[in-house]
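Single-structure report; data block below.
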Amino acid sequence: MSQHALHSVGKNTWRSLPCSLSELRLDLTLGCGQTFRWRETGEGHWTGVMGGRVWTLTQNEDTLWYHVYHCHGNPGLINGRKRKTAAGLKGSGKKSKETIAVKEEEKAEMLDTVSSEEDKKEEELLRDYFQLHVKLENLYEEWSSADQHFNHTGNIFRGVRMLRQDPVECLFSFICSSNNHISRIQGMVERLCNTLGTPLCKLDNTHYHDFPSIQTLADSSVEARLRDMGFGYRARFLWRSAHLIMSTLGPDWLYELRSTPYLQARDALRTLPGVGLKVADCVCLMSLDKSEAVPVDTHVWQIAKRDYSCAAGIGKKTLTDKVYQEIGDFFRKIWGSYAGWAQSVLFCADLKKFQKLKEVPDSKR
DNA sequence: TATATACCTGG
DNA sequence: CAGGTATAT
């Protein structure tokens, strides 16, 4: 029997949020390369780590379903206090027969209170992670009326949504992404977590770990260990960035960039080794609330030239800082303050693994 | 300000 | 060559 939760089997352990497929498509949103931590563990079931817990998510037409694992030894925290598990409470309630009735009632109540607090917190964590307060359908409408090409692609690729990721995970994952492809980045991030992250729980022989802390990444042994794990020259970038943050910038520095204006935050990130314009924009867009940040890689550059006849950098071999900025400005002019979100839709639509979605269904031929 | 080149590793 | 960055010219 599968330890990964299946919605068809254990419905009572699942909670839900109303959410349509045009507001969120899990397969596209979790598989388009903005995060490297989610795997499809069952048909339409996505399992990953978020907010220090292990989750499985699935959805149907109008509902997002989620299951949170509360594994033994890692019960999660409530206001810094350990969650009281049903198992723990039962264990302490075996003293005398007479008191059992009362005690059980008290405990049931306590468990209720505790778990409803916990439920609320988990729901909030999920809403925050998927930024559900942002009405994606409305944005698609705006982008579509401003842009014919988006109108076409957006109709096929609905529900591609920016995540609000943890800045530490986002930064160090994207330092791994330079001159690299998704499948290898996924493997690297997985090894990073498995070796240096706090273990959370084990499901069907898969161990889930939290993303390592900056403190852990700043340890002097890290560069060599990562090199041994096949990180190549990125091992040094990771360690040096972590070390710079711990020794000079301070552990809160990254989080404070959430309330710093976009260009200022991007420049700040670029002072870290291994962080250029592209990586800085990814971190800005995907974890620092900068919806206008447009990460321009060679792929997005192609899209600008091919689908928008964008003249920026035409005839140039490499993406200079100047051309990079021009392409971002070009898209911001079309799409406005959520340009980064729009860019991710087109980026997603261009990925090889999603090309099959572009095939017209037989019924429409 | 703008190219060229090296950098790790694996598909 | 791949969803770049740092360095030297």
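Numbers restart at 1 for each chain; the letters A, B, ... are given by sequence-line order, proteins then strands.
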Query raised in the report: How close or far is atom P of dG10(B) from atom CZ of R234(A), stated in whole angstroms?
Result: 11 Å
Using a cutoff of under 3.5 Å, can you pull out all pairs of nitrogen or oxygen atoms linking the protein to nucleotides 7-9 of chain C, with atom names and distances?
none

Report summary line: F172(A) atom CZ is separated from dG4(C) atom P, nearest whole Å, by 20 Å
Report task. Report which part of the nucleic acid L319(A) touches: base, sugar-phosphate, or nothing (heavy-atom distance under 4.0 Å, all strands). Result -> nothing
Query raised in the report: K322(A) side chain: which of dT1(B), dT3(B), dG3(C) is closest?
Result: dT1(B)
Query - Trace of the ring pair (Phe, Tyr, Trp, His ring centres under 6.0 Å) decision for F331(A) with Y308(A) - result: CA-CA 10 Å; F331(A) 283 127; Y308(A) 291 87; 5.4 Å; yes
**Report entry** Between Q325(A) and D329(A), a side-chain donor and acceptor under 3.5 Å
**Finding:** yes
Report task. Using a 4.0 Å heavy-atom cut-off across all strands, classify V300(A) as base, sugar-phosphate, or nothing. Result -> nothing
Query raised in the report: Rounding to the closest angstrom, what is the interatomic distance between dG3(C) and dT3(B) at atom P?
Result: 22 Å
**Report entry** Toward the 5' end of DNA chain C, by each residue's nearest nucleotide, V275(A) or L351(A)
**Finding:** L351(A)
Query raised in the report: Just wondering, do R53(A) and K121(A) contact through their side chains at under 4.5 Å, heavy atoms?
Result: yes
Query - Touch class at under 4.0 angstrom, heavy-atom based, for C176(A) against every strand present - result: nothing
Query raised in the report: With respect to the phosphate group of dG11(B), does any side-chain polar atom (N or O) of R184(A) fall under 4.0 Å of OP1 or OP2?
Result: no
Query raised in the report: Does dA8(C) have a Watson-Crick or wobble partner in any strand here, with both distances under 3.5 angstrom, and which is it?
Result: dT3(B)
Requested in this report: Using a 4.0 Å heavy-atom cut-off across all strands, classify G230(A) as base, sugar-phosphate, or nothing.
Outcome: sugar-phosphate
**Report entry** Cation-pi geometry met for K333(A) and W335(A) (6.0 Å, 45°)
**Finding:** no
Query raised in the report: How would you label the contact of R227(A) with the nucleic acid (heavy atoms, under 4.0 Å): base, sugar-phosphate, or nothing?
Result: sugar-phosphate
Report task. Would you indicate what F231(A) reaches in the nucleic acid, counting non-hydrogen atoms under 4.0 angstrom: base, sugar-phosphate, or nothing? Result -> nothing
Query - Atom-to-atom span, CG of D321(A) to P of dT5(C) - whole angstrom - result: 9 Å
Query raised in the report: According to a strict under-4.0 Å criterion, is K278(A) in side-chain N/O contact with OP1 or OP2 of dT5(C)?
Result: no
**Report entry** Interatomic distance where NE2 belongs to H299(A) and P belongs to dA2(C) [whole Å]
**Finding:** 10 Å
**Report entry** Protein-nucleotide distance (I182(A), atom CD1; dG4(C), atom P), rounded to Å
**Finding:** 11 Å
Query raised in the report: For DNA chain C, whose closest nucleotide is more 5', that of P295(A) or that of L272(A)?
Result: P295(A)
Query raised in the report: What nucleic acid atoms does P273(A) come within less than 4.0 Å of, heavy atoms only: base, sugar-phosphate, or nothing?
Result: sugar-phosphate
Query raised in the report: In whole angstroms, how far is the P atom of dA2(C) from the CE atom of M188(A)?
Result: 17 Å
Query raised in the report: Are H67(A) and Y69(A) close enough that their ring centres sit under 6.0 Å apart?
Result: yes
Requested in this report: Quick one: label L226(A) by what it contacts on the DNA or RNA (base, sugar-phosphate, nothing), any heavy atom closer than 4.0 Å.
Outcome: nothing
Report task. Any strand is fair game: report the nucleotide pairing with dG3(C) by Watson-Crick or G-U wobble, both distances under 3.5 Å, or none. Result -> none
Requested in this report: Classify the side-chain pair K358(A)/Q355(A) by whether it contains a donor and acceptor separated by less than 3.5 Å.
Outcome: yes
Requested in this report: Please lay out, stage by stage, how Y255(A) and D166(A) fare under the test side-chain hydrogen bond (donor to acceptor under 3.5 Å, both in side chains).
Outcome: CA-CA 9 Å; Y255(A) 292 88; D166(A) 176 65; 2.6 Å; yes
Requested in this report: Mind calculating the distance between CG (D297(A)) and P (dC1(C)) to the nearest angstrom?
Outcome: 18 Å
Query raised in the report: Can you tell me how far P in dA8(C) sits from the matching atom in dC8(B), rounded to whole Å?
Result: 15 Å
Requested in this report: Name the nucleic acid region contacted by T298(A), choosing base, sugar-phosphate or nothing; use a 4.0 angstrom heavy-atom cut-off, strictly under.
Outcome: sugar-phosphate
Requested in this report: Answer whether the closest heavy-atom distance between the side chains of L126(A) and V68(A) falls below 4.5 Å.
Outcome: no
Query raised in the report: Is the closest side-chain donor-acceptor distance between H181(A) and Q186(A) under 3.5 Å?
Result: no
**Report entry** C1' atoms of dG11(B) and dT5(C), separation to the nearest Å
**Finding:** 22 Å
Requested in this report: Indicate, yes or no, whether a donor-acceptor pair under 3.5 Å links the base of dG4(C) to the side chain of Y233(A).
Outcome: yes
Report summary line: Atom CZ of F237(A) and atom C1' of dC7(B) are separated, to the nearest Å, by 8 Å
Report summary line: Regarding the side chain of V279(A), the nearest nucleotide among dG4(C), dC8(B), dT1(B) is dG4(C)
Requested in this report: Indicate, with a heavy-atom threshold strictly under 4.0 Å, whether Y324(A) touches base, sugar-phosphate, or nothing.
Outcome: nothing
Query raised in the report: Hey, does I185(A) have a side-chain heavy atom less than 4.5 Å from the side chain of S183(A)?
Result: no
**Report entry** Which nucleotide in dC7(B), dA6(C), dG3(C) has an atom nearest any side-chain atom of H181(A)
**Finding:** dG3(C)
